[in-house]
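Worksheet: one structure, shown below.
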Amino acid sequence: MQGLWKPAISVVVLVLGATALAMPAYKAVLHSTYKVKPGSVIAKADCALCHATKSNFKKLNVFGADLDKALKVAKSKAMTAEILKKVETLDSDKDGVKNVDEIQKDTLPGDPKSK
């Protein structure tokens, strides 16, 4: 029984590590597509740009949910500039401002208080 712990822990570490490595690629595509500046509101939001909070990766905010739908329609697990463009004209947080306009104004498209 003792000999099973090390392989089990290794599998958990590998799975968690792979999950953690997947999301920075999404962020990198968004940052390069929209020329996000270091220190900006969007840069400071970090993972909370798409997720409920910076540390709750299981729940997406409304912008993240729209991106997730676009990924599924594209049958892709990789974020691309083309997938980001699919949600630009949406107003994910229903605050009267399109996602692309919020990103360009350095406000959060998943937060109706940020417009």
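The two residues I42 and L30 come nearest to each other via the heavy atoms CG2-CD2, 4.2 Å. Nearest heavy-atom pair, N99 versus S92, reported as atom, atom and distance to 0.1 Å: ND2-OG, 2.9 Å. Closest approach of A81 to V29, counting heavy atoms only: N-CG1, 3.8 Å. Counting all heavy atoms, side chain and backbone alike, D68 lies closest to L60 at CB-CD1, 3.7 Å. The nearest pair of heavy atoms linking A43 to G39 is CB-N, 3.9 Å.
How far OG of S40 is from CD1 of I103: 11.0 Å, rounded to the nearest 0.5 Å. Once rounded to the nearest 0.5 Å, the distance linking OG1 of T53 with CG of N61 reads 10.0 Å. The CD atom of E88 sits 12.5 Å away from the CD1 atom of I83 when rounded to the nearest 0.5 Å. Residue D66 holds its CG atom at 14.0 Å from NZ of K86, rounded to the nearest 0.5 Å. Here D101 contributes atom CG and K115 contributes atom NZ; the two are 13.0 Å apart, rounded to the nearest 0.5 Å.
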Set out, in order, the CA-CA distance, both residues' side-chain angles and the distance that settles side-chain contact (heavy atoms from CB on, under 4.5 Å) for F63 and V87, then state yes or no. CA-CA 8 Å; F63 177 64; V87 301; 4.0 Å; yes
Pair T107-V41, side-chain contact (heavy atoms from CB on, under 4.5 Å): steps then yes or no: CA-CA 6 Å; T107 61; V41 170; 5.9 Å; no
Verify side-chain contact (heavy atoms from CB on, under 4.5 Å) between D95 and E102, making sure each step is shown before the conclusion. CA-CA 10 Å; D95 64 358; E102 289 209 54; 2.8 Å; yes
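For the side chain to side chain contact (heavy atoms under 4.5 Å, CB included) criterion with Y26, the lone passing option out of L49, L67, L84, L71 is L71.
We find that E82 and K85 are not joined by a salt bridge, their nearest charged nitrogen and carboxylate oxygen being 4.0 Å or further apart.
Following chains of ILVMFWY side-chain contacts shorter than 4.5 Å, one cannot reach V97 starting from Y34, and the two form parts of different hydrophobic clusters.
A distance-only check finds no donor-acceptor pair linking the side chain of D46 to the backbone of A48 [under 3.5 Å].
A 6.0 Å sphere centred on NZ of K44 holds no more than 12 heavy atoms belonging to other residues, nucleotides or ligands.
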